[in-house]
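Notes follow the structure.
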Amino acid sequence: LAKTTQPISMDSYEGQEVNITCSHNNIATNDYITWYQQFPSQGPRFIIQGYKTKVTNEVASLFIPADRKSSTLSLPRVSLSDTAVYYCLVGFTGFQKLVFGTGTRLLVSP
Amino acid sequence: DAGITQSPRYKITETGRQVTLMCHQTWSHSYMFWYRQDLGHGLRLIYYSAAADITDKGEVPDGYVVSRSKTENFPLTLESATRSQTSVYFCASSESPSEQYFGPGTRLTVT
């Protein structure tokens, strides 16, 4: 199973851009990369998904280099409400065996 | 309301007892998943299902049993609960394996 590695924690201030990187050295050809956000006492919430290059939606951007061995979630101008744990997920679309990383705890301060 | 629900939200049981956690989704999603979340381990996949009557093991299936006789329900049974199964359990559903929608979780304590 593909394993992922993320920083355990990150600190930021309101209004800054935050970039969280995930390593997935043994990603397979069919794998997509997905990021989730989790608040305390809640289930994870889907943020963004990509396969290669760059994907952007209304809340985040996802950058994936050509070798796909890492990915970076970019959160523009974070607010206090972005304080959460962020998970990088690499999936085998053929076998549906998905592996969550241990997550990155983001703390946004005023 | 449409969505994914889990019951009970909290459960305390004794070692050796059988416990069933329920999961129900109203979207008719094909895929359903069960995860456990423990401090220091993040989310670990227990079992998943690609459709009714189709289930398969995830990363940590030992001590758990699942069934899926109907598309909307995916119960998880602990046949003989152990203290190591104390955890928060999340159910999820999706139409694709990656974009999953999670339930609110069940906090299970085994004494």
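Residue numbers start from 1 in every chain, and the chains themselves are labelled A, B, ... in the order their sequence lines are given, proteins ahead of strands. Bear in mind that the values here come from a model prediction, so they are computed numbers and not experimental data. Atoms considered below: every heavy atom in the structure, side chains included; atoms not considered: hydrogens, waters and symmetry mates.
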With a cut-off of 3.5 Å and sequence neighbours excluded, list every side-chain donor-acceptor pair involving residues 102-111 of chain B.
unit_1	atom_1	unit_2	atom_2	d
B:T106	OG1	B:P8	O	2.6
B:T111	OG1	B:T13	O	3.2

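- A continuous path of Ile, Leu, Val, Met, Phe, Trp and Tyr side chains, each step under 4.5 Å between heavy atoms, connects B:F90 with B:L45, placing both in one hydrophobic cluster.
- Side chain of A:Y32 to main chain of B:E99: no donor-acceptor pair is present (N/O by atom type, distance under 3.5 Å, no hydrogens or angles).
- Linking Ile, Leu, Val, Met, Phe, Trp and Tyr whenever their side-chain heavy atoms come within less than 4.5 Å puts A:W35 and A:V55 in one cluster.
- For B:Q6, no part lies under 4.5 angstrom from a heavy atom of chain A.
- Transitive grouping of hydrophobic side chains (ILVMFWY, heavy atoms separated by less than 4.5 Å) keeps B:L78 and B:Y48 in distinct clusters.
- Under the ring pair (Phe, Tyr, Trp, His ring centres under 6.0 Å) criterion, A:Y87 pairs with A:F100, not counting sequence neighbours.
- In the hydrophobic clustering of ILVMFWY residues, with side-chain heavy atoms under 4.5 Å counting as a link, A:F63 and A:V90 come out apart.
- Contacts between residues 16-24 of chain B and chain A, counted as heavy-atom pairs separated by less than 4.5 Å, involve no residue at all.
- For A:S70, there are no side chain to side chain donor-acceptor pair (under 3.5 Å) partners at least two apart in sequence or on another chain.
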